[in-house]
Asks: 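Below are the structure tokens for one structure; questions will follow.
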Amino acid sequence: MPELPEVETIARQIRAVFLEKTIVKVAVNTPRLLKNVSATEFVRRLEGQPLREVTRRGKFLLWQGGTAYPVFHLGMSGNFFRRREQATHPEHIHLEFHFADGQTLFYQDVRKFGKIWLYEEPPKFPELGVEPLSENFSLNNLKKLLNLKNMNMKAFLMDQSNIAGIGNIYANEILFLSRISPFRKTREITEKEAEVFFREIRSVLERAVRNFGTTYSDFRTVEGSDGQNQFFLQVYQKAGEPCPVCGTPIEKAVLNSRSTFYCPKCQR
DNA sequence: TCTGACCTGCGA
DNA sequence: TCGCAGGTCAGA
């Protein structure tokens, strides 16, 4: 589920409601989701602490709770809800953060692929590539990366050490709008194509953030409403439907063991 | 570089 | 009942 736009939406909504509020009680219902800390320690370090900051790096959600730094990776189905009844599967709520004003933030994860860590200082994520919506992401460094690698374009976009935050939905959409085949090798990309590719990476992700993410099956915002970006998808999950540009049926292939959707005519 | 494993729910 | 799903990681 959650790629950059969905995690960004969650971060913004948690900030809007819970920032500077004190966490009075933490419940860990599924301790095995905690990767570097025991449930007891997680609770001890966060109870009584104010939520100082909520940010995002790639697909990771970062909190500052007093002097501790919880980090969440939502896997395929992780999500946060402000009210239990807004959760799509309340029976799969693994963490509960009860705040001093009486509100609670619930972490739900049906498939339990999510992971949670607790750090004593802000984590650095040396393994992650550039933030595509930051000033550090430039056409020049994208061209350098493309030259450096020798992989297909779909795999390039999905590899978090190149660009952080892009998953299967947005990789498909970016390649379609860039008119680049998912099977092309990074080193074959021309100067002109790289320029379009660079522009579309930003524009696809920015649009999705503006639309509060894509609700394909599970994703809901913290407030329980659907994202709106699914109405803007051009190819993802549209196999057999006409390409919005040329009318050729969209094809589906498995590439790097992920479903890949593309127009065989428009994307070269 | 690729495959299977980790989980559960849902739709065909 | 089976195949598939937005992600990552270990191991071949």
Side-chain angles (χ1 to χ4, degrees), chain A residues 1-11 29-36 56-61 71-80 87-95 107-117 123 125-129 132 148-176 182-187 204-205 207-209 211-222 226-240 252-262:
Chain A
M1 173 242 301
E3 306 182 31
L4 183 154
E6 290 76 33
V7 181
E8 181 64 32
T9 300
I10 291 168
N29 306 326
T30 312
R32 74 178 174 85
L33 300 189
L34 303 175
K35 293 303 160 186
N36 67 344
R56 179 195 57 75
R57 173 81 171 95
K59 298 174 191 170
F60 291 87
L61 184 70
V71 172
F72 306 83
H73 191 292
L74 308 184
M76 295 263 263
S77 57
N79 210 350
F80 280 91
T88 47
H89 295 277
E91 67 277 23
H92 291 291
I93 286 172
H94 307 301
L95 294 175
Y107 175 68
Q108 166 194 275
D109 187 353
V110 171
R111 294 169 72 180
K112 302 190 190 80
F113 288 172
K115 296 184 174 80
I116 297 125
W117 299 263
F125 301 102
E127 73 285 3
L128 282 188
L148 205 65
K149 305 279 171 162
N150 186 31
M151 58 207 308
N152 67 54
M153 288 295 285
K154 176 82 184 301
F156 174 82
L157 276 177
M158 303 276 290
D159 185 336
Q160 302 299 300
S161 70
N162 298 323
I163 301 168
I166 298 170
N168 203 28
I169 293 182
Y170 299 111
N172 280 294
E173 296 296 312
I174 289 166
L175 288 170
F176 173 75
F183 304 100
R184 285 274 293 289
K185 292 286 189 180
T186 46
R187 280 187 199 153
V204 164
L205 295 173
R207 181 187 309 121
V209 170
N211 289 324
F212 306 103
T214 298
T215 295
Y216 167 57
S217 63
D218 263 350
F219 176 69
R220 301 289 183 282
T221 69
V222 175
D226 284 3
Q228 296 298 309
N229 199 63
Q230 60 278 17
F231 304 116
F232 296 84
L233 299 182
Q234 311 273 305
V235 290
Y236 180 72
Q237 288 293 0
K238 294 189 187 292
K252 175 180 176 176
V254 175
L255 186 54
N256 305 99
S257 64
R258 306 307 297 273
S259 292
T260 301
F261 302 87
Y262 61 101

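Bear in mind that the values here come from a model prediction, so they are computed numbers and not experimental data. The sequence lines fix the lettering, A, B, ..., with proteins before strands; numbering per chain opens at 1.
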Asks: For A:R187 and A:K149, indicate whether the former's side chain and the latter's backbone hold a donor-acceptor pair under 3.5 Å.
Replies: yes
Asks: Does the aromatic ring of A:F113 sit over the six-membered base ring of C:dG7, closer than 5.5 Å centre to centre and tilted less than 30°?
Replies: yes
Asks: If you find the nucleotide of DNA chain B closest to A:V110 and the one closest to A:N152, which residue's nucleotide is nearer the 5' end?
Replies: A:N152
Asks: Select base, sugar-phosphate, or nothing to describe what A:N256 touches, counting heavy atoms under 4.0 Å on all strands.
Replies: sugar-phosphate
Asks: Over how many whole Å does the gap from A:K112 atom NZ to C:dA5 atom C1' extend?
Replies: 16 Å
Asks: For C:dA10 and B:dC7, measure between their P atoms and round to the nearest Å.
Replies: 15 Å
Asks: Kindly write out the residues that satisfy side chain to side chain contact (heavy atoms under 4.5 Å, CB included) with A:F232, not counting sequence neighbours, or none if the list is empty.
Replies: A:R207, A:N211, A:N229
Asks: Measure the distance from CD on A:Q230 to C1' on C:dA5 and round it to the nearest whole Å.
Replies: 16 Å
Asks: List the steps and the verdict of side chain to side chain contact (heavy atoms under 4.5 Å, CB included) for A:H92 and A:D109.
Replies: CA-CA 6 Å; A:H92 291 291; A:D109 187 353; over 6 Å; no
Asks: Just how far is it from atom CG of A:L175 to atom OH of A:Y170, taken to the nearest 0.5 Å?
Replies: 15.0 Å
Asks: Return the CG to OG1 distance between A:L95 and A:T30, rounded to the nearest 0.5 Å.
Replies: 7.5 Å
Asks: A:T214 pairs by side chain to side chain contact (heavy atoms under 4.5 Å, CB included) with which of A:E3, A:E173, A:E6?
Replies: A:E6
Asks: Heavy atoms of chain A, cut-off under 4.0 Å: which first and last nucleotide of DNA chain B, 5' to 3', fall inside that, if you could look?
Replies: B:dT1 to B:dC10
Asks: For A:Y170, answer base if it contacts any base atom (sugar-phosphate contacts may also be present), sugar-phosphate if it contacts only those atoms, and nothing otherwise; contact means non-hydrogen atoms under 4.0 Å.
Replies: nothing
Asks: Name the orientation class of the two ring planes belonging to A:Y216 and A:Y236 (parallel below 30°, tilted from 30 to 60°, perpendicular beyond 60°).
Replies: perpendicular
Asks: Return no unless some side-chain N or O of A:S259 is found under 4.0 Å from OP1 or OP2 of C:dA5.
Replies: yes
Asks: About how many Å separate CG of A:N162 and CG of A:L157, when rounded to the nearest 0.5 Å?
Replies: 8.5 Å
Asks: Which dot-bracket string fits DNA chain B when only Watson-Crick or G-U wobble pairs with both atom distances under 3.5 Å count, crossing pairs get [ ], and | stands for a partner on a different strand?
Replies: ||||||.|||||
Asks: Within this structure, what is the NZ-to-P distance between A:K35 and C:dG7, rounded to whole angstrom?
Replies: 18 Å
Asks: Check side chain to side chain donor-acceptor pair (under 3.5 Å) between A:Q108 and all other residues, then give those that pass, not counting sequence neighbours.
Replies: A:T88
Asks: Surrounding CZ of A:F212 (heavy atoms of other residues, nucleotides or ligands, distance under 6.0 Å), is the total greater than 12?
Replies: no
Asks: Please classify the nucleic acid contact of A:E127 as base, sugar-phosphate, or nothing, using heavy-atom distances under 4.0 Å.
Replies: nothing
Asks: With sequence neighbours left out, write down each residue that passes side chain to side chain contact (heavy atoms under 4.5 Å, CB included) with A:H73, or none if nothing qualifies.
Replies: A:K59, A:F60, A:W117
Asks: Would you say the side-chain atoms of A:K154 and A:N256 include a donor-acceptor pair closer than 3.5 Å?
Replies: no
Asks: What nitrogen or oxygen pairs link the protein and nucleotides 8-12 of chain C at under 3.5 Å?
Replies:
from	atom 1	to	atom 2	distance (Å)
C:dT8	OP1	A:H73	NE2	2.8
C:dT8	OP2	A:K59	NZ	2.9

Asks: Which part of the nucleic acid, if any, lies within contact of A:N150, taking any heavy atom under 4.0 Å across all strands shown: a base, the sugar-phosphate backbone alone, or nothing?
Replies: sugar-phosphate
Asks: I need the CZ-C1' distance between A:F72 and C:dG7, as an integer number of Å.
Replies: 18 Å
